[in-house]
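Structure first, commentary second.
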Amino acid sequence: MNTTWWKEGIVYQIYPRSYKDTTGNGLGDLDGIIEKLDYIQSLGVTMLWICPVYQSPNDDNGYDISDYRKISSDFGGDPAFDRLLAAMKKRGLKLIMDLVVNHSSDEHYWFQEAKKSKDNPYHDYYIWQGNDPQQLPNNWQSVFNGSVWQWNAATEEYYLHLYTQKQPDLNWENPQVRQEVYGIVDYWLNKGVDGFRMDVISLISKRSSFSDVPATMPFIDVMEKVYANGPRVHEFLKEMHEEVLSKHDIVTVGEGPGVNLEHGPRYVSDKEKELNMVFHFDHLTIDFGPEGKYDPVPMDFIRFKAIFRQWDQALAKDGWNSIFLGNHDFSRIVSRFGNDKEHRRTSAKLLATVLMTLRGTPYVYQGDEIGMTNVAHKSIELYDDVETRNAWKAAEAAGKDMEEFLKAVHWQSRDNARTPMQWSAADNAGFTSGKPWIPVNDNYRAINVEAAENDPNSILHYYRALIAFRKAHPTLIYGNFEDLLPSHPQLYAYKRWDQGATFLVVHNFGDQPVDWEDLPEGRQCRFGNYSQQAANSLAPWESRIYQLD
Ligand code: GLC
């Protein structure tokens, strides 16, 4: 196995809008990140992935870009970016930018031109179908509800948008579009950034027959079989690698909706020369019910373990995994996979231990290091996210029980992860001196960085110690992985080993203690989230790392 810095490193993901505001306008900004670099570095993380900060009308909070070479003035503009990059370089921290090139904003110059006429030089930068305003080209549904087709009166045809209508999909079949993208990538690489997280990159190659999807096909399958993994996706990624990426020592991680075990290995194989890692969503869609994310079902824990085991196996010899349990698109990890009530602290530590002991590069999402939780607003008006709001409208139109639906929103809304970072017990959690763009979670007086700093037993201090432990033990990075109890309903136990050492990691994913006879007797428990440890049993949400050799 090849060893390299991005396998050994740890990523901290920042949602800049919600991290730290230095101007009082209620929006986080890049100077806010600079202000917090001491804190970030104190965690032991080595790379920052920042969500999009480019110029954007913010229909989808920056995932709709109107100028790929400009940093939005909301975040401090280009000078603030240059300051951030310089400050990070001084500290040896790597910067991963978000690259959103499956679609642009409809306010991008390309689209403004493209929609004018069929013979405009930019027209073919986007994807057009149909010619009858009464007849949609097909039955495809947008990820954010409603048809993927939007009528353009000037050219009397529809354009494709897999996300909102303000996010028209780029036409990667057009070589000029690909050259534009490579130019953008080159621009940021020449500025000195260290890599990219590529937004919904599995969707860039379309199935141009545009045939209807079977009405009964679950959306997860539509994603995999119809929208993602299109016929030329690997060709495009190889081309991008060859033309720009391969010229720099960088890291790439492709966001891969619809990428499962069948497709995943090809995207990240060392031989294929496409991407270094993907974010698959097998474990994050695990609680989606028949009607999708707002129709949640209980998590199948055995399947959860199987997903990690199978992905580990699939990439054991060729490729590399990303290890993450949440991000800005999902609920808070302690609320979703742990217990954010009576076991918040312990279960947040357990989840940290999972992140740091599986084989792959760990991604820590801002606020998880202090155990931030979901919010539960009483009214939909307090939610900002376009996906949540659209889902709400669609549910209303379908005559759903909206009280029940609000519960699903509490459980699944992307805004759960987007509430401002809780820095202190001061007003607005110390995030801003103004009015935050999105409400702060009420629990900030108890859950915040300042309180965690002052508490030796905090989740924050645990993260720091655990990250240091991982970095000190290459076995936890590169070592083999074996799941020891694949069918246990509550325990997750695995071995990590190589020539240098053998570790046994065991977690109790539940509110009840569990007996386990095979806990190693007389062996040193090197790390754990309880100070007292029973000999043959694990306490609720207990994690232990034993060193066997
Ligand atoms: C990705 C982003 C998400 C965004 C979507 C469309 O899934 O993570 O936030 O809404 O792509 O760009």
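When a ligand or atom number is given, it counts from 1 through the structure's own listing order. Here the structure is a predicted model, which means the values were calculated and not measured.
For His103, the heavy-atom gap to ligand 1 drops under 4.0 angstrom.
The nearest heavy-atom contact from the protein to atom 2 (C) of ligand 1 is Asp199 OD1, 3.1 Å. Ranking protein heavy atoms by distance to atom 4 (C) of ligand 1, first place goes to Asp60 OD2, 3.3 Å.
Closest heavy-atom contact between Gly62 and Ser56: CA-OG, 3.5 Å.
When each of Gln55, Lys166, Gln112 is tested with Glu107 by the rule side chain to side chain donor-acceptor pair (under 3.5 Å), just one qualifies, namely Lys166.
Between Tyr163 and ligand 1, a contact under 3.5 Å exists for no N or O pair.
By the criterion of a heavy-atom distance under 4.0 Å, the side chain of Glu255, and not its backbone, is placed next to ligand 1. At a 4.0 Å heavy-atom cut-off, ligand 1 does not touch Phe279 at all. Heavy atoms of Met198 found under 4.0 angstrom from ligand 1: none, in either backbone or side chain.
Here the two rings, on Tyr125 and Phe111, have centers that are 6.0 Å apart or farther. Ring pair Tyr63/Tyr163: centre-to-centre distance not below 6.0 Å. Between Tyr187 and Tyr68, the ring centre distance reaches or exceeds 6.0 Å.
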